[in-house]
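Quick note on labels: first sequence line is chain A, next is B, and so on, each numbered from 1.
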Amino acid sequence: MKRFVKGMKGAYSALIFLFLYAPIAVMITFSFNASKSRGTWGGFSLKWYIELFGDARIMQALGNTLFIAITAALLATIIGTAAAIGINAMRRVPQGIVMNVSYLPVLNADIVTGVSLLILFVSVGIPLGRISLLLAHMTFNIPYVILSVMPKLKQMNKHAYEAALDLGCTPLSAIVKVVLPEIMPGVVTGAILAFTLSIDDFVISFFTTGAGVGTLSTEIYSQVRRGVKPSMNALSAIMFVVVLILLIVINIRSSKDNRQASK
Amino acid sequence: MSRRRLNPEAEAASARAKMHKKPKFRLSFVALPYCVYALIFVVVPMVLVLVYSFFYHYENGGSFGFTWEFFARFFNFSDPVYMQVLWRSVWIALVSTLICLVIGYPMAYILSRMKPRIRGIVSFLFVLPMWMNFLLRTYAWMTILENTGILNTALQAIGLTDKPIQFMYSTGSVIFGNVYNFLPFMILPIYNTLIKLDGSMVEASGDLGASFGQTFRRVIFPLSLPGVSSGIMMTFMPALTTFIVSRLLGGSKISLIGDTIEKQFLSTGDYGFGSALSVILMVLTLLAMAVMGKYEKEQSATGGLLM
């Protein structure tokens, strides 16, 4: 009986894994398919990879995505970290108000955030393009930075900052020399989170970008809608490998940190 | 007088204030840039959505005024096209969430009972597909499910069917896509509450003569409800508001509330009606959160009793 239950558990897990990985396996396999068909195998070929790298729109979209993700993550980390420090020092009522506003983009459906920003940009007359994209990405990134930094601030000794002031620090140098080192892990987590959210975002980018300025996601959408596009398989295969390597590196790093912390 | 001595902290603070005239800088000021940013890019856009949904405005005439028109178009009981769209969206999202719960709960449970070392690797493998671009994952299912896709080719090759089966462009394929994309959002929160569950309670229940079924119903499941409710929120909300899954796997046949909003803004340019639909979606989000939040609170109350 026990062995039967164990076998069932294994079989169930295997089924779920099959379900989760089937499309990824299919895409990686078909990225090497010489035939354009989605159903039949026409021999091994690298032509979709060559087509992908020759696709000027995809390459430009990749450039845009990286530019926006890096810039938005950097600015969001600076503004968000400062915000967390300030909010933490606020009295209860204003703190509650600001935190609730911060939760809005997190809780709202992406589509609502997207259209609300579109309305803002159109009403104020900010042209839809790189700038509007950057502003939109910062808007949904900052709350996640605040939420990553906040727990570290709560753990920190409240009087460290005051002590630094008493010992003659200016407020700025007290923040940089005393507060910042304490909350650094939260800041780094927030920055990584912001960067990945930016790379991954489709819905908000879709509403706040203008003609000719695509991110990788919006470009994928417009290509996929047009039908069979085997170079998208090649793109998936590459992205999968990149994500896999990144996650393994992050996991090894964090488990090292944990071990150091437990020592 | 004695009260002051009892509070050395306050005494130190007042001494400090006397010592050097405190600079006028308050630490909370560093949040100022963010407050300005949030005001412009979070609060003002929300207000604008409300304004657009309640006011009409003609470009050329420049006239401007209050109107119920956009909401009336939605709540049109003689031709309830848009209410049907919303109902379809809610229904598809509910079914998708339910399937995710039924499939995901056992998986989360199995995962939580694995040895910690293996558990880490297995849960990593669960998260991995989520990091793939959402659109590419959905596109992959198009490759599999299409009439000329792998599944149909395989089914025809082994002779199970001679004509391709229409998997795509149906309610079923949209639900399928939702389940695929959001299943990890259901598994992970449940898994997180289950690993924190006190194992001695499960043992105690067994020692007191409960069968596994009874233990599960009376102890494990009730204690995992916070995870279940956040899992439900995390699958229901994106399933309700998606327009990608429906567009790619449902084609033009299955139109959801997300599709309708997107069309108002990006095809027909009807910002007023689009805003009204967004307001309705926001109200729905708030309602769903209130229901789940209330449930969570009740849960923690009984959870407190149980402890």
**Fill in**
If one checks every heavy atom of B:Val43 against chain A at 4.5 Å, the contacting part turns out to be side chain
**Request:** Answer with side chain, backbone, both or neither: which region of B:Thr138 has an atom nearer than 4.5 Å to a non-hydrogen atom of chain A?
**Result:** neither
**Message:** So, taking the atom named CZ in B:Phe41 and the one named CG in A:Leu104, what distance separates them when rounded to the nearest 0.5 Å?
**Reply:** 15.5 Å
**Prompt:** With respect to chain B, which residue among A:Val26, A:Ile119, A:Val112, A:Val203 yields the maximal number of heavy-atom pairs within a distance under 4.5 Å?
**Reply:** A:Ile119
**Prompt:** Any side-chain donor paired with an acceptor under 3.5 Å for A:Ser217 and B:Asn133?
**Reply:** yes
**Request:** Calculate, to the nearest 0.5 Å, the distance between atoms CZ and CZ belonging to A:Phe17 and B:Phe126 respectively.
**Result:** 4.5 Å
**Fill in**
Closest non-hydrogen atoms of A:Leu20 and B:Tyr180, given as atom of the first, atom of the second and distance, are O-OH, 2.6 Å
**Asked** Once you round to the nearest 0.5 Å, how far does OH of B:Tyr37 lie from CG of A:Leu75?
**Response** 8.5 Å
**Prompt:** Given that the side chain runs from C-beta out, which part of B:Pro106 has a heavy atom under 4.5 Å from chain A: side chain, backbone, both or neither?
**Reply:** both
**Complete:** The reported gap from CG in B:Leu27 to CD1 in A:Ile175 (rounded to nearest 0.5 angstrom) is 5.0 Å
**Prompt:** Is it the side chain or the backbone of B:Met107 that comes within 4.5 Å of chain A heavy atoms, both, or neither?
**Reply:** both
**Request:** Give, for atom OH of A:Tyr12 and atom CD1 of B:Ile103, the distance between the pair rounded to the nearest 0.5 Å.
**Result:** 6.0 Å
**Residues that A:Ser35 engages under side chain to side chain contact (heavy atoms under 4.5 Å, CB included), provided they are two or more places apart** = A:Asn33, A:Ser37, A:Thr40
**Message:** Would you call the rings of B:Phe265 and A:Phe207 parallel, tilted or perpendicular, taking 30° and 60° as the class edges?
**Reply:** perpendicular
**Request:** Taking the side chain as every heavy atom from C-beta outward, state whether A:Asn108 and B:Met46 have any pair of such atoms under 4.5 Å apart.
**Result:** yes
**Message:** At a heavy-atom distance under 4.5 Å, which candidate from B:Val127, B:Val44, B:Val47, B:Leu125 has the highest pair count against chain A?
**Reply:** B:Leu125
**Message:** Could you tell me if the side chain of B:Phe124 sits less than 4.5 Å from the side chain of A:Ile248, heavy atoms only?
**Reply:** yes
**Asked** Taking the side chain as C-beta and beyond, is there a heavy-atom pair between B:Leu48 and A:Ser116 under 4.5 Å?
**Response** no
**Asked** Hey, does B:Tyr271 have a side-chain heavy atom less than 4.5 Å from the side chain of A:Leu118?
**Response** yes
**Under 4.5 Å from a heavy atom of chain A, the part of B:Leu281 involved** = side chain
**Item:** Side chains of A:Met27 and B:Tyr139 in contact at under 4.5 Å (non-hydrogen atoms)
**Value:** yes
**Prompt:** Top residue by heavy-atom pair count (under 4.5 Å) with chain A, among B:Thr285, B:Ile144, B:Leu183, B:Leu128?
**Reply:** B:Leu128
**Message:** Taking OH in A:Tyr21 as the centre, count heavy atoms belonging to other residues, nucleotides or ligands within less than 6.0 Å. Is the count above 12?
**Reply:** yes
**Prompt:** In terms of heavy-atom proximity below 4.5 Å to chain A, should B:Leu136 be classed as side chain, backbone, both, or neither?
**Reply:** both
**Asked** Would you say B:Leu286 has more than 12 foreign heavy atoms packed within less than 6.0 Å of its CG?
**Response** yes
**Request:** Looking only at non-hydrogen atoms, find the nearest pair between A:Ile24 and B:Pro129 and report the distance.
**Result:** CD1-CB, 3.8 Å
**Prompt:** Tell me, do A:Leu246 and B:Trp131 make a side-chain contact under 4.5 Å, heavy atoms counted?
**Reply:** no
**Request:** Step through it carefully: locate the ring centre of B:Phe176, locate the ring centre of A:Phe19, and say whether they are under 6.0 Å apart.
**Result:** yes
**Message:** Within this structure, what is the CZ-CE distance for the pair B:Arg26 and A:Met90, rounded to the nearest 0.5 Å?
**Reply:** 10.0 Å
